[in-house]
Protein chains: 2
Amino acid sequence: MTVRRSYGQYCAVARGLDVIGDRWTLLIVRDLLLGPKRYKDLLTGLPGIGTNLLAARLREMTAAGIIEWTELPPPAGSSVYQLTDAGLALEPAVTAIGRFGARFLGEPRRDDVLLPRSYFVAIRSAFRPGPAGRPETYEFHVDGLVFTVTAKPDGCSTREGAADDPDAVISTDVATLNALLLEGLSPQTALADGRAQISGDPAALDRFTGMFALHPAAAVDRSGA
Amino acid sequence: MTVRRSYGQYCAVARGLDVIGDRWTLLIVRDLLLGPKRYKDLLTGLPGIGTNLLAARLREMTAAGIIEWTELPPPAGSSVYQLTDAGLALEPAVTAIGRFGARFLGEPRRDDVLLPRSYFVAIRSAFRPGPAGRPETYEFHVDGLVFTVTAKPDGCSTREGAADDPDAVISTDVATLNALLLEGLSPQTALADGRAQISGDPAALDRFTGMFALHPAAAVDRSGA
DNA sequence: CGGAATCCTCTTCGATACTG
DNA sequence: CAGTATCGAAGAGGATTCCG
């Protein structure tokens, strides 16, 4: 409807920002990096976006060719938005901004919301291949959402949805997940306290947290408020 | 004055966007990657920004700690803005967005403006080390701006300002620079037509364009990194 | 019920004018 | 030169309503 606003510069950075520079756009991409999502999934996963703005962004992103609308095959059959190849090409940008933003993360603020999806995107670029064991698959249930993490010696992948044949299934809440990944909470403590449950290999949570130590070592807290 | 708007998500990507997500911010960073700039330099280098918005952005970026205000040593003595270490950490993000944006670049549109600074940021990530010769320094004069490019076997650096002891000094306009880098215009033709002048080693412009082939063909998908 | 379009208020943007 | 002040236009954010 509206003519897309452009910086009007013949520059790859400016042109990229013409496409992804609007508010919320890159956060929609972040969530879609974990797989296709329904409108409602995105809406509830991005508190504050407002339904009109989400609809507008999805329209613009579709027009730009970075997402597409499709229907999942039966039995799901739901209509979803997913990244195109051009949209997948945004992962390095999301990662780079995340690395930059990590230095401003500090401690959670009072009115910060913790979103499970964010962690399963973040760990992709925080993967430290362990002692080169065999590939391992974890299924996480966090606050009603389900994620699959597959760790191989040469990298890891994450997506939203259930795993085929996981080595372990871990259930927890996002606060505990944050504590495990960013605050050094030990898996033993989390399990003993009942903040996390595991079925399958009981040592899997240990190996998981070891592979994804996100502790902001060089974090410079500069939160203005 | 205004409370900075935040996504309110405890997520490195969202926090990063809280800092750099506002309109124009990342383009200011792009220009500052070439070195310190005065207010006026930024204003004229970013057509359309508007002086109040530039002032607001510089204030916010200073508060966030990604730029700082300083005075250049005599004899220049001008007051300038420059990136802090935290601001320099944005180069990977700028590069990643540039790689993504390259696929939307196409041909210049009627109302696109060509900005010399953009090219000297872009070539940083398009450097293909040549046949490992000795380091070479080029000084460019483009539409009243001066740039220094230093190419070494293991990388290249670019900055705004005159070179100390350049191997060649090249004068041209931004349209010709664009044609040389993106449209395959041959240096011989450019020099013969008088669209570019060179002093020093006359073959230097050949070596330069060879090192920085940005042609869409070569620019498309270098996403291996 | 999921997927939006509409309405309304508030903030931000962009351009111009003006000041130290 | 380096900003501040002002103002109309556009965009963001929230609630409600509509559509299938």
Side-chain angles (χ1 to χ4, degrees), chain A residues 1-9 14 17-28 31-32 36-63 67-72 75-82 111 113 144-145, chain B residues 1-9 14 17-28 31-32 36-64 67-72 75-82 111 113 144:
Chain A
M1 171 145 204
T2 60
V3 175
R4 280 204 58 71
R5 187 166 50 169
S6 167
Y7 286 108
Q9 298 184 5
L17 290 173
D18 282 346
V19 175
I20 58 155
D22 280 336
R23 203 162 160 73
W24 295 105
T25 301
L26 223 43
L27 295 183
I28 296 172
D31 281 9
L32 290 180
K37 301 266 173 294
R38 289 173 304 173
Y39 185 91
K40 187 72 176 282
D41 297 331
L42 292 166
L43 192 64
T44 59
L46 296 168
I49 191 177
T51 172
N52 59 339
L53 204 46
L54 177 58
R57 290 292 176 272
L58 291 174
R59 217 180 300 122
E60 294 159 2
M61 294 166 77
T62 302
I67 65 170
E68 62 191 354
W69 182 94
T70 189
E71 290 207 36
L72 290 184
S78 39
S79 64
V80 294
Y81 295 90
Q82 66 187 5
D111 48 358
V113 60
L145 299 178
Chain B
M1 60 193 327
T2 60
V3 175
R4 279 204 58 69
R5 187 166 49 170
S6 168
Y7 286 108
Q9 299 183 4
L17 290 172
D18 283 345
V19 175
I20 58 153
D22 281 336
R23 203 163 157 73
W24 294 107
T25 301
L26 222 42
L27 295 183
I28 296 171
D31 282 8
L32 290 179
K37 301 267 172 295
R38 290 172 304 174
Y39 187 91
K40 186 71 175 281
D41 297 331
L42 291 166
L43 192 64
T44 59
L46 296 168
I49 190 176
T51 173
N52 60 338
L53 205 45
L54 176 58
R57 290 291 175 271
L58 292 173
R59 218 179 300 121
E60 294 158 1
M61 295 166 77
T62 303
I67 65 170
E68 62 191 355
W69 182 94
T70 189
E71 291 207 36
L72 290 184
S78 40
S79 64
V80 294
Y81 295 90
Q82 65 187 4
D111 49 357
V113 60

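Naming: A, B, ... by sequence-line order, numbering from 1 per chain. Keep in mind that the numbers below use all heavy atoms, side chains included, and drop hydrogens, waters and symmetry copies. Only a predicted model underlies this, so the values are computations on that prediction, with no experimental measurement involved.
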Compare side-chain N and O positions of [X] against OP1 and OP2 of [N] and report whether any pair is under 4.0 Å apart.
{"X": "Arg5(A)", "N": "dG14(C)", "result": "yes"}
{"X": "Trp24(B)", "N": "dC13(C)", "result": "no"}
{"X": "Tyr81(B)", "N": "dG3(D)", "result": "yes"}
{"X": "Arg23(B)", "N": "dG11(D)", "result": "no"}
{"X": "Ser79(A)", "N": "dG3(C)", "result": "yes"}

Calculate the interatomic distance between [X] atom [atom1] and [N] atom [atom2]; express it in whole Å.
{"X": "Arg59(B)", "N": "dA2(D)", "atom1": "CZ", "atom2": "P", "answer": "16 Å"}
{"X": "Arg57(A)", "N": "dG13(D)", "atom1": "CZ", "atom2": "C1'", "answer": "12 Å"}
{"X": "Leu53(B)", "N": "dA2(D)", "atom1": "CG", "atom2": "P", "answer": "18 Å"}
{"X": "Trp69(B)", "N": "dA2(D)", "atom1": "CH2", "atom2": "P", "answer": "10 Å"}
{"X": "Leu43(B)", "N": "dA2(D)", "atom1": "CG", "atom2": "P", "answer": "10 Å"}
{"X": "Lys40(A)", "N": "dA4(C)", "atom1": "NZ", "atom2": "P", "answer": "13 Å"}
{"X": "Glu60(B)", "N": "dG3(D)", "atom1": "CD", "atom2": "C1'", "answer": "15 Å"}

Practice task
Establish whether the base of dG11(D) is bridged to the side chain of Asp22(A) by a donor-acceptor pair shorter than 3.5 Å.
Solution key: no
Practice task
Return yes if the base of dG3(D) and the side-chain atoms of Asn52(B) contain a donor-acceptor N/O pair under 3.5 Å, otherwise no.
Solution key: no
Practice task
Let me see the working for Arg5(A) and Arg23(B) under side chain to side chain contact (heavy atoms under 4.5 Å, CB included), right down to the final yes or no.
Solution key: CA-CA 11 Å; Arg5(A) 187 166 50 169; Arg23(B) 203 163 157 73; 3.4 Å; yes
